[in-house]
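This report refers to the structure that appears directly beneath it.
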Amino acid sequence: MGVLDKLKTAAQTMTGGAAKVSIEYPLQAVFPGEGMNVRITVVSSGGEVKSQGVFVDLLAQERVTASENATCPRCQNKFTTPVREAKKTFEQSFPVAPAFVLSPGESRTFEAILQVPGGAQPSYAGPQTHHEWKIRGRLQSFGNDPDSGLQPLRVGMK
């Protein structure tokens, strides 16, 4: 392995490019307290990848977008100012697989049944507020963890 190959491998590790991660999950709404099947596939992008495990992250966030009237304290001019607020309502990582080594070019698939907690706030979208859920598969490793990127997940109301 030449110097350039070593630099390329180090750059892939530090940027999360050492492996490709994809996640499959139900496209229809899932319901709090019920299990949902997920499948995470990890593929080495060339070199060996030492992993501390595979995880699925669930995140939920409520966003408010509105405007409010304001008055300049000096000149008393009235104007409208935008209001954008976001609040995380849920975040949890679920372990799917223990530590392992992914050989160069190797692909592995892991399956699990996860549960959105009972009583969780459902997904919704209104004119000024919305609540969104996201899911991602992640390979925990040295440097930046390769992941599938956050994908939308619809959580329904029972």
Side-chain angles (χ1 to χ4, degrees), residues 8 10-45 49-99 102 108-158:
K8 182 179 175 185
Q12 284 181 336
T13 299
M14 296 309 290
T15 62
K20 302 263 188 263
V21 180
S22 62
I23 185 167
E24 296 173 50
Y25 57 96
L27 296 179
Q28 73 278 6
V30 297
F31 297 95
E34 294 181 3
M36 71 171 162
N37 295 319
V38 295
R39 178 182 296 141
I40 300 93
T41 303
V42 294
V43 180
S44 169
S45 295
V49 179
K50 293 179 182 172
S51 163
Q52 284 90 43
V54 174
F55 296 84
V56 171
D57 300 328
L58 275 181
L59 306 116
Q61 186 174 52
E62 184 174 51
R63 294 178 190 248
V64 176
T65 305
S67 60
E68 68 181 5
N69 294 324
T71 303
C72 175
R74 259 188 325 172
C75 64
Q76 300 303 311
N77 284 340
K78 297 187 184 306
F79 59 95
T80 303
T81 181
V83 175
R84 291 184 183 91
E85 296 288 330
K87 177 185 172 189
K88 195 178 294 182
T89 59
F90 184 82
E91 182 175 20
Q92 186 172 349
S93 289
F94 297 89
V96 173
L102 198 60
R108 288 198 192 180
T109 300
F110 304 92
E111 295 185 15
I113 298 174
L114 303 181
Q115 197 175 63
V116 174
Q121 191 173 5
S123 303
Y124 62 84
Q128 295 179 330
T129 62
H130 66 277
H131 189 256
E132 59 186 13
W133 284 83
K134 299 204 179 222
I135 187 170
R136 78 173 157 208
R138 176 172 53 88
L139 178 72
Q140 189 171 349
S141 63
F142 176 75
N144 190 7
D145 294 347
D147 66 55
S148 64
L150 290 169
Q151 309 291 322
L153 175 69
R154 289 183 48 224
V155 174
M157 189 178 342
K158 280 191 166 184

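Counting begins at 1 with the first residue of the sequence.
- For Q76, the CD atom counts as densely surrounded, since its 6.0 Å shell holds more than 12 non-hydrogen atoms of other residues, nucleotides or ligands.
- Within the 4.5 Å cutoff, the side chain of V49 has no heavy atoms near those of the V42 side chain.
- For the atom pair N77 CG and C72 SG, the distance stands at 6.5 Å (nearest 0.5 Å).
- Taking the six-membered ring where tryptophan is involved, the planes of Y124 and H131 are essentially parallel, since the angle between them stays under 30° and well short of 60°.
- When all heavy atoms of T109 and R39 are compared, the closest pair comes out as CG2-CG, 3.2 Å.
- Going from atom CG of D145 over to atom CD of Q140 covers 5.5 Å, rounded to the nearest 0.5 Å.
- Taking all atoms of both residues into account, the shortest heavy-atom contact from P117 to F90 is CG-CE1, 3.3 Å.
- Using a 4.5 Å heavy-atom threshold, the side chains of Q92 and L114 count as separate.
- The nearest pair of heavy atoms linking D147 to G149 is OD1-N, 2.7 Å.
- At least one side-chain heavy atom of W133 sits less than 4.5 Å from a side-chain heavy atom of V116.
- Atom-to-atom distance recorded for E34:CD and Q115:CD is 8.5 Å, nearest 0.5 angstrom.
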Would you sort out whether V64 and V83 count as a side-chain contact (heavy atoms from CB on, under 4.5 Å), showing the intermediate values?
CA-CA 8 Å; V64 176; V83 175; 5.5 Å; no
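- The two atoms that bring I113 and N37 nearest to each other are CG1-OD1, 3.1 Å, heavy atoms only.
- Annotation: the span from S44 atom OG to R108 atom CZ amounts to 11.0 Å, rounded to 0.5 Å.
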Show your working on side-chain contact (heavy atoms from CB on, under 4.5 Å) between R136 and K134 and close with a plain yes or no.
CA-CA 7 Å; R136 78 173 157 208; K134 299 204 179 222; over 6 Å; no
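- To the nearest 0.5 angstrom, E24 atom CD is 8.5 Å from E111 atom CD.
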Between V38 and I135, does the side-chain contact (heavy atoms from CB on, under 4.5 Å) criterion hold? Intermediate values first, please.
CA-CA 10 Å; V38 295; I135 187 170; 4.1 Å; yes
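- A donor-acceptor pair is defined here as one N or O able to donate and one able to accept, closer than 3.5 Å; such a pair exists between the side chain of S148 and the backbone of G137.
- Atoms CD and OG, from E132 and S123 in turn, are 8.5 Å apart once rounded to the nearest 0.5 Å.
- Here the side chains of P32 and V155 are in contact, with some heavy-atom distance below 4.5 Å.
- Taking each heavy atom of A19 and P146 in turn, the nearest pair found is O-CB, 3.4 Å.
- For A125 against H130, the heavy-atom pair with the smallest separation is CA-CB, 3.6 Å.
- Looking at K78 and T71, their side chains come closer than 4.5 Å, going by heavy atoms from C-beta outward.
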